[in-house]
Amino acid sequence: MRKVVLITGASSGIGLALCKRLLAEDDELHLCLACRNMSKAEAVCAALLASHPTAEVTIVQVDVSNLQSVFRASKELKQRFQRLDCIYLNAGIMPNPQLNIKALFFGLFSRKVIHMFSTAEGLLTQGDKITADGLQEVFETNVFGHFILIRELEPLLCHSDNPSQLIWTSSRSARKSNFSLEDFQHSKGKEPYSSSKYATDLLSVALNRNFNQQGLYSNVACPGTALTNLTYGILPPFIWTLLMPAILLLRFFANAFTLTPYNGTEALMDLDEDTAEKFYQKLLELEKHIRVTIQKTDNQARLSGSCL
């Protein structure tokens, strides 16, 4: 029986590199690409099958920044599969990143220059907006959409006799100082990406506490600084090309500079369990609120339809 692996954000960057790497190690996999853009996903699927004809590669459309899309995709996956062996929770956004030139200049002449470049601490701020679900976009895309996906797919994941894995794409920019339980969506801050990645790290710890006995295990992986659509949003590709000699030099001091998506597919971390559990409970409360809201909207729509 083929091992079934689901990857969100599989059509580019780390997700696409991960698909290629997994199939290079085991071309008997059933790889399911969970993507927002179907035309890109179909092109990737065709290319993967061309290079690995014995593999099975399928597609499911999902936009993790839209909960209705997550519910639809989850329903489809439960109809297709009896179980999922692994989910790579990789899809994510860093909208409108702005480089803090002043912080960069002062950091260049400080003792923390290596740390600054390897974590981007204090260098990047991002814009954020509210989604159709009434949530902060970065939080919903990077954290909550995936959380709901896991909750919906629990029947396919929780088998104590045959464990499943969750693997989150995290980041070295995940900073405790940018995360707050009182503002876990980071609506009042300027570094929602960092906050969201720390949140995924916390959530991974909480998922292990709550689901290990049911056969579900969660890990976080930091791919390092790889040149993908996220990094190209910070600086144009030609600037990265100009910076490449300096980055290669920095690799002697900071192994976070993995440079290519293919290189950036390994690592693990650990966090405070008490904070993780409190955050998990807040997500459960938010999930309950969202489900009630969706149910009310559906009921109103049915009543309106019956009155016509």
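Note that the structure is a prediction, hence the values are computed from the model and not measured.
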Query raised in the report: Do you know which two heavy atoms are closest between L157 and I150, and how far apart they sit?
Result: CD1-O, 4.2 Å

Query raised in the report: Do E277 and Q281 meet the criterion of a side-chain donor-acceptor pair at a distance under 3.5 Å?
Result: yes

Report task. Check side-chain hydrogen bond (donor to acceptor under 3.5 Å, both in side chains) between D26 and all other residues, then give those that pass, not counting sequence neighbours. Result -> none

Query raised in the report: With a cut-off of 6.0 Å (strictly less than), are more than 12 heavy atoms of other residues, nucleotides or ligands near CZ of R83?
Result: yes

Report task. For H52, check ring-ring contact (aromatic ring centres under 6.0 Å, His included) against everything at least two apart and list the hits. Result -> none

Query - Pair S180, E182: side-chain N/O donor-acceptor within cut-off below 3.5 Å - result: yes

**Report entry** Test side-chain hydrogen bond (donor to acceptor under 3.5 Å, both in side chains) applied to S196 and N142, N178, D201, the passing residue
**Finding:** N142

Report summary line: salt bridge (Lys or Arg N to Asp or Glu O under 4.0 Å) filter on K3, not counting sequence neighbours, yields none

Report summary line: On a heavy-atom basis, the closest approach of I59 and C45 is CD1-CB, 3.8 Å

Report task. Report yes or no: do H159 and S164 form a side-chain donor-acceptor pair below 3.5 Å? Result -> no

**Report entry** Verdict with supporting geometry, Y280 and L207, side chain to side chain contact (heavy atoms under 4.5 Å, CB included)
**Finding:** CA-CA 8 Å; Y280 180 69; L207 288 168; 4.0 Å; yes

Query raised in the report: Are there more than 12 heavy atoms of other residues, nucleotides or ligands under 6.0 Å from atom NZ of K278?
Result: no

Query raised in the report: Who passes ring-ring contact (aromatic ring centres under 6.0 Å, His included) against Y217, sequence neighbours left out?
Result: none

Report task. With sequence neighbours excluded, tell me which residues meet ring-ring contact (aromatic ring centres under 6.0 Å, His included) with F184. Result -> F139, F279

Query raised in the report: Taking only residues two or more places apart in sequence or in another chain, which ones pass side-chain contact (heavy atoms from CB on, under 4.5 Å) with S65?
Result: D63, T141

